[in-house]
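Computation of the quantities below employed the complete heavy-atom set of this structure, encompassing side-chain atoms and omitting hydrogens, waters and symmetry-equivalent molecules.
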Amino acid sequence: MEDSSCPMVPSRSSTDMYELNKDLERVIEDVENISVQLTWMAYDMVTLRTGFEGEACMRELEEAHSRCRAAVFGEAEPQPQMEAGAEKADSSQSQTVD
């Protein structure tokens, strides 16, 4: 008794299978290229919509987060890392100049 849910698959020659595999690889490569192009398009759209003030907005958001954290947890407001690093560099340079 044969299983009726599995249709008979015609046997194919090895050259047919080789050609099908080549075609499949080519299609997969094309789809991957399209996917990369779509990703770059989406990135460009996000970049254009956010504009150039994105970095400044992120810095303001980080500073607001620090202030809120200090208010909630009662911590002293930490100095921004970039400014603190610049102050250390300035003080070390002034000490070596003497």
E25 and E29, any side-chain heavy atoms less than 4.5 Å apart: no

Side chain proximity check, I28 to E32, heavy atoms < 4.5 angstrom: yes

Check: T39 side chain, S35 main-chain N or O, donor-acceptor pair, under 3.5 Å: yes

Could you grab the distance from atom [atom1] of [X] to atom [atom2] of [Y], nearest 0.5 Å is fine?
{"X": "E19", "Y": "N21", "atom1": "CD", "atom2": "CG", "result": "9.5 Å"}
{"X": "T15", "Y": "L20", "atom1": "OG1", "atom2": "CG", "result": "9.5 Å"}
{"X": "E62", "Y": "C57", "atom1": "CD", "atom2": "SG", "result": "11.5 Å"}

With sequence neighbours excluded, residues passing side-chain hydrogen bond (donor to acceptor under 3.5 Å, both in side chains) with D44: none

Hydrophobic cluster membership, V31 vs V36, 4.5 Å side-chain cutoff: no

I34 reachable from M41 in the ILVMFWY side-chain graph, under 4.5 Å edges: yes

